[in-house]
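In what follows, residues are counted from 1 in the order of the sequence shown. All ligand and atom numbering here is 1-based and tracks the order in the structure.
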Amino acid sequence: MKNTLLKRFFRYVKMDTQSQEGVTDQFPSTEKQKKLARILVQELKEVGCKDAVMDTYGYVMATCKSNVSNKARGAIPVIGFLAHMDTSPDVSGKNVKPMVHKNYQGGDIPLLGDSTQIITVKDNPELKKYLGKDIITSDGTTLLGADDKAGIAEIITMLQYLQEHPEVKHGDLKIGFTPDEEIGRGTEHFDLKKFKADYAYTVDGGKAGEVENETFNASLAEISVRGKNIHPGYAQGKLVNSIKIISDIIHKMQNLSAPETTEKRKGYLHPYQLQGGVEKSTVKILLRDFEPKGIKKKTDQLKKICASLQKKYPRAKINCTIKEQYQNMHVILDKEPRVTEYALQAVEQSGLKPKLQYVRGGTDGARLSYKGLLTPNLFTGGMNFHSKTEWIPLPAMEKAVETLVNLVKIWGERK
Ligand SMILES: [Zn+2]
């Protein structure tokens, strides 16, 4: 199993599937993601998911049929497993040369293709857990792509295990591989009705043993300022410069919590896009907080700023719209505690210490949970995602497969 898992993982990371920000005329954002999708359809068929298909958007879906009697099957919830096929636009994923550092003996790991890229023990204390084990990295010139090809490899290896071990009883399982997750669009065309799972898990997390059940509450604010443009030579008393007003608004945010000044469970306001001219300027701002109260507070703060500036500049027109993007997954997952509980039990049964974790960001699972499909996130074992020093221990990948098998078993037994 270990060898097929490794081979499978290498096969996927060697394919460039980088997604691209800002593409509006096609989905997925890059055609090359479909190349991997086609191969995955084939491999899913080989491990027993006969109905595996890719749709026009590049989503791969498949069913692994239940192996219990029709009567028993009805009582077992349909469980979905999801992973994404694209890699981050931040770092090249072309010509990835994955390598195994066999029998790791401690110390820093220099990457052969770029002498400036070193995986240090100081920044990666997790390394100490893997003395004598095999560690996988890129050659340092690209990312590795364990995010999330490790998740894909682990899911398919779990299916292969189930195929070879019919004594493991399970209900219907749904598999979904998604494109464009890294640009925040992984669920955009995801057909929940076709997927038809009762509950699901994304396999897209980090450290071995972690189950992520919390994300930010997220809102997006768009503030626009309309000024008045007059030829500057004749502008006295007439011109209203929206650039100056919008910078005043941003200046007022200076003392509020920001991503660069917060960590752990603290939320923030984050202006991330600014466009402007004398006549009209707009700024987009992310609002993030783990607590509903916190997001409410940030919404109010922003509205207050806009109101006071409108007072200060009565001849400008300030418009502030704030839209909810997604909720903390935790609030929604609480509706069915078994989903998280069984995941923790599955981790424990594989001999790891389960740990609940929160994500300072959104996940596809958060968006799906918000749409009604409860979807916490399970670990892949990978570390340093989106960087050239990305690494993953092979034993952590094996534990991920074991955890998935245990989880399927638990749902099959306890219903
Ligand atoms: Zn990912």
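Metal site remark for the Zn ion (ligand 1): D148 contributes no N, O or S atom at a distance under 2.8 Å. Note on D147: counted as a metal contact of the Zn ion (ligand 1), an N/O/S atom lying under 2.8 Å.
Here K304 does not pair with D300 in a salt bridge; the nearest charged N to carboxylate O distance is not below 4.0 Å. K353 has no carboxylate O lying under 4.0 Å from a charged side-chain N of E348, or vice versa, which leaves the two without a salt bridge.
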request  = Report the C-alpha distance between E210 and Q357 in whole Å, list the side-chain angles of each, state the deciding distance to 0.1 Å, and finish with yes or no for side chain to side chain donor-acceptor pair (under 3.5 Å).
outcome  = CA-CA 6 Å; E210 284 183 354; Q357 191 59 270; 3.2 Å; yes
request  = Apply the test salt bridge (charged side-chain N to carboxylate O under 4.0 Å, His left out) to residues E43 and R8: give CA-CA distance (whole Å), side-chain angles for both, the deciding distance (0.1 Å), then the verdict.
outcome  = CA-CA 10 Å; E43 295 197 13; R8 190 166 273 141; 3.6 Å; yes
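Summary: OD1 is the N/O/S atom of D204 found nearest to the Zn ion (ligand 1).
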